[in-house]
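Values below: all heavy atoms of this structure, side chains included; hydrogens, waters and symmetry mates excluded. Counting convention: from 1, in listed order, for ligands and their atoms alike.
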Amino acid sequence: MSDLLKGRLKDQLKDRLKGRREEHLEARARDLDTADGLAGHREKFALDADTVYLDGNSLGALPAHVPARMADVITREWGELRIRSWDESGWWTAPERIGERIAPIVGAGPGQVVVGDSTSVNVFKALVAAARLAGDGRDEILVDASTFPTDGYIAESAARMTGHRIVPLDPAAMAEAAGPRTAAALVNHVDYRSGRLHDLPGITAALRAAGALAVWDLCHSAGALPVGLDAHGVDLAVGCTYKYLNGGPGSPAYLYVAERHQAAFDSPLPGWNSHADPFAMTPGYEAAAGAVRGRVGTPDILSMLALEAALDVWDGVAVEDVRAKSLALTDFFLECVRAYAPEGRVASVTPEAHGERGSQVALRCAEAPAVMAELIRRGVVGDLRRPDVLRFGFTPLYVGFADAERAARVLAEVLADVPAGAPAE
Ligand SMILES: *Cc1c(COP(=O)(O)O)cnc(C)c1O
């Protein structure tokens, strides 16, 4: 047999094996989707069949009923009722009311969550309040060294204002490091880049044993996995609502203040909305009781009510089921990537251990910018974290196993078309 013929036979065999592998994984995906108890939730979202949307960890998809609700808010509540809506449409109490809707998703009992402002602003409130709660003689604030940048910037400024020193640390080292000088620690529950899930129960317990406060940022965990704020004794927490909670672009964030801290919670932004009697309009400030003292000024009602409507998709959904599906999805996606992707082109930086994994898969790839641009052109929407991380977020309420298989298959096709060493676009 000539070498040419041998080569051709080998290619044919390879193609046949590849075809079988694809058929096998496609069939597995179909079976997993059929058995998926959450599959029916997808139709609650405005999604097209042509796109695999794996960027819900950056901007959650639109729940399909929200536009009609917003049309009513704008034309009737604002347009017709105008000022009356502050009372009659429940605008004034929206921050606490929506807080109660978010509370069960993050494992908080009633009266501890208030919605409003951005995550950045709430990090500031929580961290300054934590430093004040910790009292004198504690001059250090531990900050997750790989934190989402805004948390780090805000912490730096908060520390300067309160006379504390920032100690950047890997969250895994925080339990050891917490001591008599530690006032508080600010930790991202799930790392936004790698998808690593940090040990909230363990770190919180160690901080509290050291007499310090644990401040958690739940942006990449709330709505994707059980958080258990009350069960684990968390002191303060913040999180955004436009990622896994699908509240819409720039939807307001939330602040959790554990009940035991509320009486002494001293907000650095004591606006009139957090006053005990806001309409008395008195010159002296007196903080309201409860989580309400985390409010500042007039809330962004349109965004807030879009969020409130978006939270309807959680009716009857157990976060534990969402977590089980999330792990199954990321497991399956990783399996498909391993089966399809050309050798050596991508490497997962997301932990394999379920106990250390959030709801995303991050793949390191030298040609990440060109690869992500091409993936998006071919209908697989993830995102890029420069310089070399491809990020794929899995929102269990609307992503299925066939989506995971297709994303991995298209990724392999793109990698075959974008040569190794291709320059960034
Ligand atoms: C998304 C995210 C934020 C965003 O903060 P904004 O004030 O809403 O811009 C903050 N922290 C973390 C950890 C995030 O993932």
Under a 4.0 Å N-O cut-off, is there an ion pair linking Asp117 with Arg295?
-> no
State which residues pass side-chain contact (heavy atoms from CB on, under 4.5 Å) with Asp139; sequence neighbours excluded, sorted by chain then number.
-> Arg181
Between Trp272 and Tyr285, ring centroids under 6.0 Å =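 Trp272 vs Tyr285: aromatic centres not under 6.0 Å.
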Looking at residues at least two apart in the chain, or sitting in another chain, which of them share a salt bridge (Lys or Arg N to Asp or Glu O under 4.0 Å) with Asp199?
->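 Partners of Asp199 by the salt bridge (Lys or Arg N to Asp or Glu O under 4.0 Å) criterion come out as none, since no residue qualifies.
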For ligand 1, run through the N/O pairs with the protein that fall under 3.5 Å and put one pair on each line.
unit_1	atom_1	unit_2	atom_2	d
ligand 1	7 (O)	Thr119	N	3.4
ligand 1	7 (O)	Ser120	N	2.8
ligand 1	7 (O)	Ser120	OG	2.6
ligand 1	8 (O)	Tyr242	OH	2.6
ligand 1	11 (N)	Asp151	OD1	2.9
ligand 1	11 (N)	Asp217	OD2	3.0
ligand 1	15 (O)	His220	NE2	3.1
ligand 1	15 (O)	Lys243	NZ	2.6

Pair Trp78, Ser89: side-chain N/O donor-acceptor within cut-off below 3.5 Å =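 Judged by distance alone, the side chains do not pair up.
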Check residues 311-320 and write down every donor-acceptor pair under 3.5 Å in which the side-chain atom is one partner and the other belongs to a residue at least two apart or another chain.
unit_1	atom_1	unit_2	atom_2	d
Asp312	OD1	Arg101	NH2	2.9

